Amino acid sequence: MASTLTTLLQTLRIVPMTHSKLPTHAAEVGIMPDKAKVKLTDQQLPELTLEQVAHHDSYDDCWIVIYDRVYDVTQFLHDHPGGEDVIMDHAGRDATIAFHGTGHSRAAIEKMREFLIGELPTEQRIFRTGQNRVLSSGIPE
Ligand code: HEM
């Protein structure tokens, strides 16, 4: 019952979705059969504003925005192959240009999903429409 209520509240965006609601990495990388694949873009991610993101700008609490999506990279900072400082330069803010400019690999883009916690509201987006269609090629779906 509690979980039905939670699902309802999450659908109505009254409470944030838990990470378990996001598709598993296995599904995304194709280990699971096609039928079981769930595209992340089909999910209702919690909406997080740039103002909310701005509060998370420290080494022990670091969120960044890349292509209109919000990532909590706190745990990843120390493991980032490019070092923590390059990410910290954008802590609590948009890091798209820096991320794009580095030319990250497909594996890096897949890895981002592990840290995905939400997306910007439509009026704050630059790269994606309200229906989550990407506005240019080369943007992770
Ligand atoms: C969730 C976000 C991020 C993930 C998952 C990620 C992941 C990775 C990975 C896996 C690599 C190794 C090379 C590759 O596979 O492309 C890498 C390299 C690098 N990343 Fe990131 N990255 C993220 C965000 C950023 C941001 C915001 C910057 C900002 C400048 C950045 C700068 C770099 C640089 C400079 C390298 C190159 C390291 C080198 O080749 O010496 N990354 N990143």
Side-chain angles (χ1 to χ4, degrees), residues 2-141:
S3 74
T4 311
L5 182 62
T6 305
T7 307
L8 179 65
L9 292 175
Q10 286 171 336
T11 307
L12 296 172
R13 296 191 178 194
I14 292 168
V15 299
M17 292 179 75
T18 58
H19 277 74
S20 62
K21 288 285 167 193
L22 299 176
T24 64
H25 187 65
E28 287 153 14
V29 297
I31 298 166
M32 290 164 71
D34 276 0
K35 223 168 38 175
K37 272 192 195 176
V38 185
K39 271 209 163 179
L40 202 53
T41 46
D42 298 338
Q43 301 287 317
Q44 292 284 314
L45 284 168
E47 237 176 50
L48 295 168
T49 64
L50 289 169
E51 291 75 15
Q52 286 174 294
V53 173
H55 290 290
H56 305 268
D57 63 346
S58 62
Y59 275 97
D60 55 4
D61 180 16
C62 177
W63 292 7
I64 52 172
V65 177
I66 299 176
Y67 296 119
D68 300 336
R69 293 208 168 133
V70 182
Y71 299 87
D72 180 348
V73 289
T74 313
Q75 302 304 321
F76 177 62
L77 275 179
H78 315 293
D79 301 328
H80 180 231
E84 40 185 48
D85 289 348
V86 288
I87 295 186
M88 278 311 293
D89 285 346
H90 305 277
R93 297 188 302 280
D94 194 288
T96 308
I97 303 293
F99 181 86
H100 186 84
T102 307
H104 281 85
S105 66
R106 169 54 52 187
I109 289 168
E110 287 293 331
K111 182 136 190 86
M112 285 166 72
R113 293 174 192 261
E114 293 175 29
F115 314 112
L116 183 61
I117 56 166
E119 63 188 349
L120 296 180
T122 313
E123 64 275 14
Q124 292 189 336
R125 292 185 204 169
I126 302 171
F127 302 98
R128 299 172 195 276
T129 65
Q131 290 76 43
N132 248 329
R133 272 184 296 114
V134 294
L135 300 177
S136 159
S137 59
I139 298 173
E141 279 190 21

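Below, each value reflects all heavy atoms present in this structure, side chains not excepted, and no hydrogens, waters or symmetry copies. One-based numbering, in listed order, for ligands and for the atoms of each. Not measured: the values here are computed from a predicted model.
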Quick one: nearest non-hydrogen protein atom to [atom], plus distance?
atom: atom 32 (C) of ligand 1; answer: His80 CE1, 3.5 Å
atom: atom 9 (C) of ligand 1; answer: Pro81 CG, 3.6 Å
atom: atom 15 (O) of ligand 1; answer: Ser105 OG, 2.5 Å
atom: atom 30 (C) of ligand 1; answer: Ala98 CB, 3.4 Å
atom: atom 38 (C) of ligand 1; answer: Gly82 CA, 3.6 Å
atom: atom 26 (C) of ligand 1; answer: Ile87 CG1, 3.9 Å

Atom indices of ligand 1 within 4.0 angstrom of [X] heavy atoms, with elements:
X: Ala108; value: 5 (C), 7 (C), 8 (C), 9 (C), 10 (C), 15 (O), 16 (O)
X: Phe76; value: 3 (C), 4 (C), 5 (C), 6 (C), 7 (C)
X: Ala95; value: 27 (C)

Test side-chain contact (heavy atoms from CB on, under 4.5 Å) applied to Arg125 and Glu119, step by step: CA-CA 9 Å; Arg125 292 185 204 169; Glu119 63 188 349; 3.5 Å; yes
Per atom 1 (C) of ligand 1, closest listed option by heavy atom (Val73, Thr102, Asp79, Asp72): Val73
Counting heavy atoms only, which of His104, Met112, Glu84 comes nearest to atom 18 (C) of ligand 1? His104
So Met112 and Phe99, side-chain contact (heavy atoms from CB on, under 4.5 Å) or not? Walk me through it. CA-CA 11 Å; Met112 285 166 72; Phe99 181 86; 3.2 Å; yes
CA sep, side-chain torsions, deciding dist, call: His56, Asp72, side-chain contact (heavy atoms from CB on, under 4.5 Å): CA-CA 9 Å; His56 305 268; Asp72 180 348; over 6 Å; no
Hey, does Val86 have a side-chain heavy atom less than 4.5 Å from the side chain of His80? yes
Side chains of Gln124 and Glu47: any donor to acceptor distance under 3.5 Å? no
Report, as yes or no, whether the 6.0 Å neighbourhood of atom CD on Gln75 holds more than 12 heavy atoms from other residues, nucleotides or ligands. no
Closest heavy-atom contact between Met88 and Leu77? SD-CD1, 3.9 Å
Exercise: identify the closest heavy-atom pair between Asp61 and His55: OD2-O, 4.3 Å
Does ligand 1 have any atom sitting under 4.0 Å from a heavy atom of Phe99? yes
